[in-house]
Amino acid sequence: MKNVLDRNRDMAARVRDILSARGIRMINMISSPGAGKTSLLEVICEKLSGEIRMAVIEGDVATDRDAQRLKKYDIPIVLINTGGGCHLDSNSIDIALREFDLHSLDVIFVENVGNLVCPAHFDLGENFKLALVSTTEGDDKPIKYPMLFREAGAVVLNKTDLMDCSGFNRQTFISDLDNVNSQVPLFELSCRTGEGTDAFMEWLKLSISK
Ligand SMILES: Nc1nc2c(ncn2[C@@H]2O[C@H](COP(=O)(O)OP(=O)(O)OP(=O)(O)O)[C@@H](O)[C@H]2O)c(=O)[nH]1
Ligand SMILES: [Mg+2]
């Protein structure tokens with residue numbers, strides 16, 4: 001395991017060098033299956049693809065369904081099917097980067113495989129990890145899966161439209177998140193209704209331009 005992680009770290013450093021030399025940011029989106037990574041990418045594409053040059057690396061165990069959902073936005077997309085693997089690694093990102101024209105991009109979003117555990121252990125060479133959680137998963141995720149929330153550069157709480165009917169305790173969630181990582185910015189939003197998405201887009205634009 002140590003060898004695997006060491007190799008991954010070395011390749012992540014190479015990916016980071018390649019991207020920073022060209023001024024490209026990379027954001028590693030991590031959540032459980034179904035929390036809304038692709039839905040958030042759809043909102044990001046709708047709101048920002050006209051002003052920011054973006055690309056997506058879609059990581060999935062199987063199928064191109066998420067990549068198909070994003071096709072209508074006319075942005076470069078590379079699909080990685082892990083064939084059972086529960087996370088992406090930096091070697092697959094290095095290979096995927098060869099498919100892009102790196103002179104014409106500001107940011108690459110990576111949709112990692114749906115999983116709250118393994119992706120948190122693998123640096124992909126990203127600028128930061130974006131942790132997503134949704135109200136229907138329960139309010140206890142930050143305290144039960146602390147590594148991701150400790151490492152995250154930002155946290156999105158999605159599906160706020162379902163907060164009341166899912167019995168999600170917002171206070172518990174916020175206080176647990178604060179115990180795990182008191183510095184991390186939290187954005188509460190609904191990809192379905194659009195509530196809260198503007199504030200997140202403003203923050204995202206700033207973090208991409210830094
Ligand atoms: N009610 C509601 N449903 C949402 C919201 N965001 C996403 N969904 C729904 O949740 C389901 C899963 O969303 P996806 O965006 O596919 O989730 P994902 O994280 O990409 O899932 P995987 O790629 O399988 O890990 C879909 O049916 C979405 O329509 C939201 O804010 N509110
Ligand atoms: Mg998805």
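Model, not experiment: these values are computed from the prediction. No hydrogens, no waters, no symmetry mates; every other heavy atom, side chains included, goes into these values. Note that ligands are numbered from 1 as they come in the structure, with each ligand's atoms numbered from 1 the same way.
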Distance-only polar pair, side chains of [X] and [Y], donor-acceptor under 3.5 Å:
X      : Y      : result
Asn8   : Ser90  : yes
Glu42  : Tyr73  : no
Ser175 : Asp178 : no
Thr135 : Lys159 : no
Ser32  : Glu137 : yes
Asp161 : Ser190 : yes

Legend entry - Heavy-atom closest pair, residues Ile77 and Ala67: CD1-O, 3.8 Å
Inset, instruction - Compare every heavy atom of Lys47 with every heavy atom of Asp198, then report the nearest pair and how far apart it is. - result: OD1-NZ, 2.8 Å
Legend entry - Asp60 near the Mg ion (ligand 2) via N/O/S, less than 2.8 Å: no
Can you pull out the closest protein heavy atom to [atom]? Residue, atom name and distance to 0.1 Å, please.
atom                    : answer
atom 18 (P) of ligand 1 : Lys37 N, 3.5 Å
atom 3 (N) of ligand 1  : Arg192 NH2, 3.4 Å
atom 8 (N) of ligand 1  : Lys159 CE, 3.7 Å
atom 6 (N) of ligand 1  : Asn158 ND2, 3.0 Å
atom 16 (O) of ligand 1 : Arg69 NH1, 2.8 Å

[X] contact mode with ligand 1 (heavy-atom cut-off under 4.0 Å):
X      : value
Met29  : neither
Leu189 : neither
Leu162 : side chain
Thr38  : both

Legend entry - Residues which pass salt bridge (charged side-chain N to carboxylate O under 4.0 Å, His left out) with Lys129, listed by chain and number, not counting sequence neighbours: Glu126, Glu151
Against heavy atoms of [X], which atoms of ligand 1 measure under 4.0 Å?
X      : value
Gly36  : 13 (O), 14 (P), 15 (O), 17 (O), 18 (P), 19 (O)
Asp161 : 1 (N), 2 (C), 30 (C), 31 (O), 32 (N)
Ser39  : 6 (N), 7 (C), 13 (O), 14 (P), 15 (O), 28 (C)

Legend entry - Per-atom contact, atom 26 (C) of ligand 1, protein heavy atoms, under 4.0 angstrom: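 No, there is no protein heavy atom closer to it than 4.0 Å.
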Inset, instruction - Write the atom name of the N, O or S atom in Asp66 that is nearest the Mg ion (ligand 2). - result: OD2
Inset, instruction - Name the option, out of Ser31, Gly34, Gly114, that contains the heavy atom nearest to atom 22 (P) of ligand 1. - result: Gly34
Inset, instruction - Output yes when Asp106 and Arg25 qualify as a salt bridge under the 4.0 Å nitrogen-oxygen rule, no when they do not. - result: no
Legend entry - NZ/NE/NH1/NH2 to OD/OE distance under 4.0 Å, Arg65 and Asp60: no
Legend entry - Metal-centred angle, OG1 of Thr38 through the Mg ion (ligand 2) to OE2 of Glu111, rounded to 10 degrees: 90°
Inset, instruction - Please confirm whether Glu42 comes under 4.0 Å of ligand 1, counting heavy atoms of the residue only. - result: no
